Peer 1: 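One structure, as structure tokens, below. Some questions next.
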Amino acid sequence: MPELPEVETIKSELLPCVVGQSVTQITILDAKLVSGISIEEFCRRLIGQAIKSLERRGKYLIFHLADTQSLVMHLKMSGTLLLNPQGTGHYVRAIFHFSNGIRLLFRDPRRFGVIWLVADAESLVGRLGPEVLSEKFTPRVLVQTLSKHHIPIKAALVDQSLIAGIGNMYADEALFAAKIHPLKRADTLSLEETQNIYRSIREVLRSAINSKGASVDTYVRPGGQLGTAHFNFKAAHRGGKPCPVCGTPIQRILVRNRGSYFCPKCQPGTA
DNA sequence: CTTGGGACCTGGCTGC
DNA sequence: TGCAGCCAGGTCCCAA
């Protein structure tokens, strides 16, 4: 599942291959992939454009183009970007060719991913909250944000309009590390609990970036290698398995209709 | 306005 | 073996 560490890894590994290059040819294999404009217009406006820079914002990947348009991609759950893979393989929804001969494939079995070509990327990412790893996201910001919402802390952490970048699995990992029950209401947390969550979020995400993301499902790096962050998971996707701290079986519940894993002994609480 | 839950999508896995 | 049903989940949309 591409969350912040996965998209950040993709950005870093794509960057040296595409920045400074121009798009020479595009093949769209799934008409649903491009949002807002026709395939014809998409290709006409994009072909010949040089990639000026590559940026991650939340879980969005933004290719800034020389003419100030932006090519924006969201991989959603099963999207991956592959550089010069051997063969083509299944589930490829688009192929981009670059002036240096590189081919970039958008592979996406569940077909949730979306691509936009927009004049201003802010129209898409402007509603996101502060970047979770940026200097703007301070403990004080988290305290103020959480105090305004009477919703489960797990739901608050994955709400991109509150904080940009945290997804389902890393929210579970951060709450495990902070020993907070996922259903505890955001506005009922103590200052100390919130500060623990803040530290845990940053640590979990930085560690996952160092591990090049978590290959729990379809995620692979652009070169095809797996990430290794999932080997460090203590709660996420470990239903029924022993808690690494106390041995109690990790429990799975639904929070906002999303599978949520936690240790009922280390993260006591409420419901 | 706030909060909660379903829809979208499909491959892989489990259990009868 | 075959098949129904569950599970993965980011974001949008609608209902209470």
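Here is how names work: the chains are called A, B, and so on, in the same order as the sequence lines, proteins then strands, and each is numbered from 1. None of these values were measured; they are calculated from a predicted model.
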Peer 1: Rounding to an integer number of Å, can you tell me how far Tyr261(A) OH sits from dC7(C) C1'?
Peer 2: 7 Å
Peer 1: How would you summarise protein contacts on nucleotides 9-16 of chain B per nucleotide, using B for base, S for sugar-phosphate only and - for none, with heavy-atom distances below 4.0 Å?
Peer 2: BBS-----
Peer 1: Expressed as a whole number of angstroms, how long is the span from Ile163(A):CD1 to dT11(C):P?
Peer 2: 13 Å
Peer 1: Give every residue pair that meets the ring pair (Phe, Tyr, Trp, His ring centres under 6.0 Å) criterion with at least one member in residues 218-263 of chain A, sequence neighbours excluded.
Peer 2: Tyr170(A)-Phe233(A), His181(A)-Phe262(A), His237(A)-Tyr261(A)
Peer 1: May I ask you to decide whether Arg111(A) forms a salt bridge with Asp30(A), counting only side-chain N to carboxylate O separations under 4.0 Å?
Peer 2: yes
Peer 1: Figure out the CG/C1' separation between Asp172(A) and dC7(C), and round it to whole Å.
Peer 2: 14 Å
Peer 1: Of the residues in residues 145-160 of chain A, which ones touch DNA chain B at a heavy-atom distance under 4.0 Å?
Peer 2: His149(A), His150(A), Ile151(A), Pro152(A)
Peer 1: Between Arg199(A) and Glu203(A), does any side-chain N to carboxylate O distance fall below 4.0 Å?
Peer 2: no
Peer 1: For nucleotides 12-16 of chain C, give me every protein contact, N/O to N/O, under 3.5 Å, one pair per line with atom names.
Peer 2:
from    : atom 1 : to        : atom 2 : distance (Å)
dC12(C) : OP1    : Arg127(A) : NH2    : 3.3

Peer 1: Salt-bridge test for Glu131(A) and Arg57(A): reply yes if a basic N is under 4.0 Å from a carboxylate O, no otherwise.
Peer 2: yes
Peer 1: Taking all heavy atoms of Leu117(A) and all of Ile37(A), pick out the closest pair and write down the distance.
Peer 2: CB-CD1, 4.2 Å
Peer 1: Pick the closest DNA chain B nucleotide for Asn257(A) and for Asp187(A) by heavy atoms, then say which residue is nearer the 5' end.
Peer 2: Asp187(A)
Peer 1: Mark yes when over 12 heavy atoms from residues, nucleotides or ligands other than Arg206(A) sit less than 6.0 Å from its CZ; otherwise mark no.
Peer 2: yes
Peer 1: Roughly how many Å is it from CZ in Arg252(A) to C1' in dC7(C), rounded to a whole number?
Peer 2: 7 Å
Peer 1: Could you tabulate the donor-acceptor pairs under 3.5 Å formed by side-chain atoms of residues 239-252 of chain A, not counting sequence neighbours?
Peer 2:
none

Peer 1: To the nearest Å, how far apart are Leu183(A) CG and dG5(B) P?
Peer 2: 10 Å
Peer 1: My understanding is that only one of Lys184(A), Arg185(A), Lys179(A) makes a salt bridge (charged side-chain N to carboxylate O under 4.0 Å, His left out) with Glu193(A); could you say which?
Peer 2: Lys184(A)
Peer 1: Can you check the Arg258(A) CZ to dG5(B) P distance for me, whole Å?
Peer 2: 12 Å
Peer 1: Tell me, please, which residues at least two apart from Thr80(A) pass side-chain hydrogen bond (donor to acceptor under 3.5 Å, both in side chains).
Peer 2: none
Peer 1: Using atom CZ of Phe233(A) as one end and atom P of dA8(C) as the other, report the distance to the nearest whole Å.
Peer 2: 13 Å
Peer 1: Return the nearest nucleotide to the side chain of His74(A); candidates are dT3(B), dT11(C), dG6(B).
Peer 2: dT11(C)
Peer 1: To the nearest Å, how far apart are Asn168(A) CG and dC7(C) C1'?
Peer 2: 12 Å
Peer 1: Identify the two heavy atoms, one from Gly213(A) and one from Thr9(A), that lie closest to each other, and give their separation to 0.1 Å.
Peer 2: N-OG1, 3.9 Å
Peer 1: May I have the step-by-step check of side chain to side chain contact (heavy atoms under 4.5 Å, CB included) for Ile163(A) and Val158(A), ending in yes or no?
Peer 2: CA-CA 7 Å; Ile163(A) 311 158; Val158(A) 301; over 6 Å; no
